[in-house]
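In the text below, chain A, chain B and the rest are named by the order of the sequence lines, each starting its count at 1. Given the structure is predicted, the values throughout are model-derived calculations rather than measurements.
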There are 2 protein chains.
Amino acid sequence: MASEQHNAQRRTPVTIHDVARDAGVSVGTVSKALNDRGQLRPDTRARVRATAAILGFLPNELAQSLHRKRSFTVGIITSDRFGRFSIPLLEGIEDALDPARIAVFLCKPTDDLELERRHVDSLLAKRVDGIIVTSRRTDPRRPLDLGGASLPVVYAYAQSEDPAAACLLPDDEGGGALAGAHFARLGRRRIAHITGPERFAAVRERRVGLARALADAGLVLDDQLVLSGSWSEEWGREAAERLLDIGRPFDAIFCGSDQIARGVADTLRDRGVHVPEDLAIVGYDNWEIVAAATRPPLTTIDPCLDELGRLAATRLLGMIDANDGQRAAATRVPCRLVVRASCGGGAE
Amino acid sequence: MASEQHNAQRRTPVTIHDVARDAGVSVGTVSKALNDRGQLRPDTRARVRATAAILGFLPNELAQSLHRKRSFTVGIITSDRFGRFSIPLLEGIEDALDPARIAVFLCKPTDDLELERRHVDSLLAKRVDGIIVTSRRTDPRRPLDLGGASLPVVYAYAQSEDPAAACLLPDDEGGGALAGAHFARLGRRRIAHITGPERFAAVRERRVGLARALADAGLVLDDQLVLSGSWSEEWGREAAERLLDIGRPFDAIFCGSDQIARGVADTLRDRGVHVPEDLAIVGYDNWEIVAAATRPPLTTIDPCLDELGRLAATRLLGMIDANDGQRAAATRVPCRLVVRASCGGGAE
DNA sequence: AGCGCAACGGAAAAGCTTTTCCGTACGAGC
DNA sequence: GCTCGTACGGAAAAGCTTTTCCGTTGCGCT
């Protein structure tokens, strides 16, 4: 007698047939009642609904999707490990997808193309309605190999070598310009730039933007004051030392990341240089946890990755609904200047 | 004539029927050929396989799942925003699920119970095989409301009020003990503790562990040297100041997070206190990017969240396969001491 | 040459929902 | 009172795969 409840057998979910039986109608009628279609007497509709509620009926979306030829799911593939960039991106994506009642398959990050291929196959087999590709670098990558299938694909914080692909990218040049203009506005004249590896497109673009904004203000970017290294705090410290030691005057530093800026700020502090009085600093990323904890808190460029994610998802939804091919183009999402204390003059 | 290719019509995926037609066999035969079942002549099998490959046939998993009553997907629900903790957890989970060919539905984080309910319904409707609940706090939370359904659920870095639930938690007490033992081994006698808000279970447990390890070494934890505050770098700086000012001697500080430790280290540096010579520091979290950039790099406790994620996923797989109810219990996953430079004596 | 068995492959049902197409029954109008 | 129209709800097909159950073919043996 104990054996019945001993094995907490998993209950099989209630189906539309169960509801039909209990409500004394046919399954078709249940479907109509629940989906507000067909011609049903109000009381029939109500009765069916009540029965469904009592039974806790949840339509099997597998069956629904099979029928509708639309799964209401999308896949996210990332060619790099989860990280600081993926998070706000993911948030933005989910933000836009949630109201559309679309669920997200997350694929384990990999930059192995063979593995990526397998992930794509797996998503295809699940009949996702679309795929979002994200990365940690904005440099062009090989287009996603759909292996003959045709399906909307959006690259978010990633770029495909295929010029016709839908890509959403942060406006790195604009970000650089934002920093340059901010310095100029505050009366800084000689701007240094400590940034990441030259091979990153973002590094080159931000520098271009910075130079452009300075030029617009009648200033020039001194190549001697541009130092490319890695993305680390360590590099920020080292580069700051170097900058101080070459003895060329400068009154502001634009940093390629908040981490670099953090390193820079620490070194300046050690060396008795006052920020922002002697030197203004602008960081990049608006990585709250770093930017806010730095002394002084960092004025920085926010690439608005959450917004980028939202836009990417919205774009994907558009492509799914339109059922048209990838009429597309790369789009740059504007950055935002976040003013804290590291440049002084918070008042815009 | 242009209109045919004008609208890049989405191709409808190739089905098993297409393969059957092209291979000149029935759909049943195709299924058998592809799945290695039934009695088929080797050449038939090969021919079908070749046809399938040419056509790029990918079985519709929706239909498969419908039939098998098993979707090979699991849902992840998190009651807190994506963050530093979710990332390694997710990595671990995917690590364990990927080889089992199980895909993950990621739900937008929320701590709104009503919204959570909706997410669960959505997962249930998708007939996920199980659910993993994660959080950012290890304090007990209300059990996930499955609304009558029965389905394996595992709590990872989260705890259910239901004592029978399967919970995987970091061994915070053990983590505290690890720090205490490390200090004792290095000959430190008077240990301070700067930690997060008292209301966190983790804070209380780590403290207990610390005290226990000290007691084991014949030392006592001086309550005057225990400071609870927030999890921020700012608090680390402030608490370090206070500690230095009260004038009670101490030769080591156990910090509740690497961020706190970072703040502490910065303040000590400002005040001319040498680490590790004058004072040893142990952090918590092994948040690489912070711990490694601190001067000196932080010796810290790694809660091994990736391992925890792996274990959680493995546990869930077990529950799914076993088809038994939640025969479960809370499990503590051991932490790991990561030695860098902030305590000196790297040699174990 | 005929019988039986093994090997092979086809037909059909099941899994669950939606939707189209019909049939029935009722009310209204003549 | 009869017919037509409409409102309601049922039956069945479609969507795609797997699996069970059978039927057929061909071979070997006598």
Within this structure, what is the CZ-to-C1' distance between R70(A) and dC16(D), rounded to whole angstrom? 19 Å
note: H17(B), atom NE2; dA14(D), atom P; distance rounded to Å ~ 11 Å
Strictly distance-based, threshold 3.5 Å: is any side-chain N or O of D129(A) a donor or acceptor partner for the main-chain N or O of F72(A)? yes
Does dT18(D) have its OP1 or OP2 closer than 4.0 Å to a side-chain nitrogen or oxygen of R37(B)? no
Below 4.0 angstrom, which residues in residues 53-68 of chain B have at least one non-hydrogen atom near DNA chain C? A63(B), L66(B), H67(B)
N/O donor-acceptor pair under 3.5 Å between D18(A) side chain and T15(A) backbone: yes
Pairs under 3.5 Å (N/O, protein and nucleotides 4-11 of chain C):
from: dG9(C); atom 1: OP1; to: R41(B); atom 2: NH2; distance (Å): 3.2
from: dG9(C); atom 1: OP1; to: T44(B); atom 2: OG1; distance (Å): 2.5
from: dG9(C); atom 1: OP2; to: R41(B); atom 2: N; distance (Å): 3.1
from: dG9(C); atom 1: OP2; to: T44(B); atom 2: OG1; distance (Å): 3.3
from: dG10(C); atom 1: OP2; to: S26(B); atom 2: N; distance (Å): 2.7
from: dG10(C); atom 1: OP2; to: S26(B); atom 2: OG; distance (Å): 2.9
from: dG10(C); atom 1: OP2; to: T29(B); atom 2: OG1; distance (Å): 2.6
from: dG10(C); atom 1: O6; to: K32(B); atom 2: NZ; distance (Å): 2.5

Any donor-acceptor pair under 3.5 Å linking the side chain of E94(B) with the backbone of K108(A)? yes
Might you point out which heavy atoms bring D121(A) and L58(B) nearest each other, and give the distance in Å? O-CD1, 3.7 Å
When you measure from the side chain of R47(B) to the backbone N and O of A23(B), does any donor-acceptor pair fall under 3.5 Å? yes
Heavy-atom pair of closest approach, residues R310(A) and A96(A): O-CB, 3.7 Å
Side-chain N,O (K69(B)) to OP1/OP2 (dC16(C)) below 4.0 Å: yes
Whole angstrom is fine here: how far is it from CG in D36(A) over to P in dC8(D)? 14 Å
Heavy atoms under 4.0 Å, any strand shown: does S31(B) hit a base, just sugar-phosphate, or nothing? base
Are a donor atom and an acceptor atom from the side chains of R315(B) and T331(B) found within less than 3.5 Å of each other? yes
Testing V128(B), I76(B), I77(B) one by one against F105(B) for a side chain to side chain contact (heavy atoms under 4.5 Å, CB included), which residue passes? V128(B)
